[in-house]
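Below, chains carry the letters A, B, ... as their sequence lines are ordered, and counting in each starts from 1.
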Amino acid sequence: MNSMLFSRQRTVLPGFKLTLGFTIFYLCLIVLIPLSAIFTKTSTLTWAQFHEVATSPVAMASYRLTFGASFGAALVNAVFGLIVAWVLVRYNFFGKRLLDALVDLPFALPTAVAGITLARLYAENGWIGHLLSRAGIKVANTQMGIFVALTFIGLPFIVRTIQPVLEDLDAEVEEAAASLGANRWQIFWRVIFPMLTPALLTGIAMAFARALGEYGSVIFIAGNIPLKTVITPVLIMGELDMFSYAKATALAVVLLVISFVLLLVINLLQWWSSRHHEHL
Amino acid sequence: MSVEVKNVTKKFSHFTALDNVSLKVESGELVALLGPSGSGKTTLLRIIAGLEFPDPGAQILYYGEDVTMIPASQRKAGFAFQHYALFRHMSVFENIAFGLRVRPRATRPPEAEIRARVDKLLKLIQLEPMAGRFPSQLSGGQRQRVALARALAVEPKVLLLDEPFGALDAKVRKELRRWLRQLHDEIHITTLFVTHDQEEALEVSDRVAILRAGRVEQIGTPEEIYDHPASPFVYDFLGNVNLFHGRALEGSVAIGATEFVVRNQKEATAPAVAFVRPHDIRVMRQANGSASLPAKVVRSNAAGPVANLDLVRQDSGEAFTVQLSKEEFQQLQPKPGEEVFVQLRNVRVFSDDYSI
């Protein structure tokens with residue numbers, strides 16, 4: 001009798017088996033089957049062919065650019081997204097709602113529209129581009145342009161993951177720190193920031209993942225110069241345009257595996273940093 | 001040598017939290033701020049800590065030094081919150097060490113001294129084996145002790161506790177408030193603590209200040225305020241009470257057809273309310289010639305250390321309750337519907353405009 005009670009936890013809502021079954025089925029259908037197709041398609045190549053495609057100088061340059069720019073953009077967003085979230089949560093001012101809604105724009109805007117707009121703005125005769133070119137900075141058709149586009153699309157991920165955590169922070173914890181003699185700087189770095197770290201890491205992971213797969217907003221501003229401003233997704237599209245599907249999937253596999261490992265690392269980091277964050 | 005607040009008023013947009021409050025806590029004293037919710041007790045404590053600022057005209061003095069405009073971080077007041085407000089990403093040890101670690105380099109003690117001081121505090125709160133644990137791994141009572149140690153680590157001039165035992169269950173509460181009293185007897189730090197629990201205030205503190213609607217209603221030792229309440233509010237707040245409507249006479253009160261001696265003097269013939277504690281009522285089978293009222297038993301409950309009796313007056317129908325010892329209850333064996341006589345002791349009379 002007792003063992004029955006412990007082995008099967010009865011809850012108010014039934015349907016564990018049903019929902020788990022559905023979850024697995026759905027994940028297979030939507031995620032696993034398409035992904036495994038990439039691997040099967042790639043396996044039509046011999047190891048030598050795969051090696052050649054995956055490690056060609058053009059491909060290697062594109063990996064460096066894609067991962068570097070994505071990570072850089074995520075880090076920049078981590079800093080400025082945190083500030084934006086801070087301002088939106090901590091202060092009340094005229095137009096706050098509008099600013100809050102503005103943050104979601106990169107989510108909602110079709111990426112191609114964002115790409116064309118950014119390309120126009122940063123072109124040498126564009127609003128921002130001509131100011132920058134006077135200072136000798138070129139954005140359009142450079143790696144800088146890719147970085148700008150990836151920063152643009154990544155911002156909401158950071159802001160929206162930090163915002164709720166910041167809102168839930170207990171004001172008493174800050175007051176306790178103040179009454180113990182901590183100044184504002186110490187309160188932020190020693191008390192608030194550590195409590196935000198898990199959310200910040202989640203935000204970075206999401207912005208980073210989003211940037212890795214970004215295509216639409218980058219192609220217009222990047223100029224797509226081989227070895228210089230070609231990101232891996234563009235390279236994949238190029239192979240697809242030439243109907244070399246196996247080569248395209250080979251590149252995709254590399255992108256996929258590296259992304260997966262990096263995201264796993266970030267998730268572990270996030271788990272580690274939040275291990276004591278049970279709600280008190 | 002004391003902590004003193006003078007003429008503190010605090011208005012929030014539509015609400016006066018504190019109305020010209022003045023209070024003095026002597027050095028080494030343990031004072032309770034007691035009052036119902038909304039009486040301003042927490043606001044007063046936060047103003048003393050520097051977490052909130054009073055309206056102009058007020059003065060906060062720590063040992064004669066005016067700290068009214070000094071922010072919390074420079075006041076050296078230890079503050080403990082009802083929900084502990086521990087740093088959940090730091091171990092118990094680091095929580096306690098925090099106040100020492102954030103000091104400017106010039107006044108920060110060396111690492112070895114920080115360790116020694118934290119170890120000493122861990123011993124004081126009897127949590128030495130828990131130094132490496134995180135707050136989420138502690139019970140509520142343990143968390144509050146860590147919060148106290150954290151506040152004590154900076155050697156504060158005054159210790160301020162905001163409903164320190166409010167979030168704990170009844171048994172832990174009692175243990176912890178005894179422990180707090182012992183701790184205070186050991187270290188003699190000037191302490192103010194906020195509570196809405198009159199039992200806690202009366203048991204722990206040297207003096208109790210009773211707040212009501214932003215004003216100090218009465219301040220005195222627990223005995224003083226319990227035995228000589230200055231107002232019906234204080235009387236009511238400190239324990240259960242029965243009301244008997246009647247007329248005040250010279251030194252006595254007429255309730256129904258009977259006169260009872262009164263402990264506080266009142267001018268004659270005003271309509272008045274007599275206040276009597278449930279344990280100050282004696283129940284008898286027969287009227288024995290001394291002043292008594294006829295009443296009828298409604299309900300009796302003998303579970304617990306004392307027996308409770310619900311009665312109604314035969315003449316006016318007013319309901320009241322009586323506390324009897326177990327022996328008295330055994331002797332009397334009251335059954336619902338039976339008629340008895342009650343004698344009132346320690347009667348206090350207040351004018352008829354107070355309602356509970």
Side-chain angles (χ1 to χ4, degrees), chain A residues 78 82 85-86 89-94 161-205 266-280, chain B residues 42 45-46 48-52 71-92 94-104 107-108 132-140 143-144 146-156 158-160 162 167:
Chain A
L82 179 61
W86 182 270
V89 170
R90 289 287 168 126
Y91 307 108
N92 276 315
F93 51 89
F94 181 75
T161 47
I162 291 179
Q163 231 175 349
V165 180
L166 209 50
E167 271 162 5
D168 279 351
L169 275 193
D170 191 359
E172 285 187 350
V173 174
E174 287 166 53
E175 289 175 348
S179 76
L180 291 167
N183 61 37
R184 287 173 199 196
W185 193 245
Q186 288 168 322
I187 293 174
F188 181 80
W189 282 112
R190 285 172 177 257
V191 177
I192 298 173
F193 188 74
M195 295 206 275
L196 292 179
T197 321
L200 194 62
L201 285 171
T202 307
I204 290 175
I266 297 178
N267 269 318
L268 283 174
L269 215 65
Q270 193 230 344
W271 167 81
W272 179 80
S273 72
S274 67
R275 69 209 182 284
H276 298 299
H277 283 226
E278 277 168 61
H279 227 73
L280 291 187
Chain B
T42 294
L45 198 75
R46 290 172 59 84
I48 296 173
L51 297 173
E52 210 111 42
S73 56
Q74 283 148 46
R75 275 198 199 184
K76 300 199 107 193
F79 201 99
F81 296 84
Q82 182 178 0
H83 298 288
Y84 330 122
L86 292 176
F87 308 127
R88 59 189 180 191
H89 57 282
M90 294 181 201
S91 65
V92 166
E94 286 305 319
N95 262 283
I96 299 173
F98 182 86
L100 300 172
R101 294 210 193 282
V102 295
R103 285 201 188 157
T107 57
R108 191 189 309 151
R133 299 259 185 111
F134 284 82
S136 57
Q137 298 166 306
L138 302 180
S139 73
R143 286 177 198 177
Q144 192 55 283
V146 173
L148 274 170
R150 182 178 69 175
L152 289 172
V154 295
E155 293 175 336
V158 53
L159 188 59
L160 305 168
D162 184 10

So which part of B:R46 gets closer than 4.5 Å to some heavy atom of chain A, the side chain, the backbone, both or neither? side chain
How long is the straight-line distance from CG of A:L180 back to NZ of B:K76, given to the nearest 0.5 Å? 11.5 Å
Are any of the side-chain heavy atoms of A:E175 and B:F81 separated by less than 4.5 Å? yes
Ignoring hydrogens and geometry, is there a side-chain-to-backbone donor-acceptor pair from A:Q186 to B:V102 under 3.5 Å? yes
Count the heavy atoms of every other residue, nucleotide or ligand shown that sit under 6.0 Å from CZ of A:F93, and state whether that count exceeds 12. yes
Side chain, backbone, both or neither: which part of B:A49 has an atom under 4.5 Å from a heavy atom of chain A? neither
When the 4.5 angstrom heavy-atom criterion is applied to A:A171 and chain B, the contacting part is neither
Got a sec: does the CZ of B:R108 have more than 12 other heavy atoms crowding it under 6.0 Å? yes
Between B:H89 and A:R190 (side chain of the first, backbone of the second, donor and acceptor by atom type, cut-off under 3.5 Å), is there such a pair? yes
Can you give me the closest heavy-atom contact between B:S73 and A:A182, atom names plus distance? CB-O, 3.6 Å
Taking every non-hydrogen pair under 4.5 Å, which of B:R75, B:R150, B:R103, B:Q74 racks up the most with chain A? B:R150
The interface call for B:F79 against chain A, heavy-atom contacts under 4.5 Å, is both
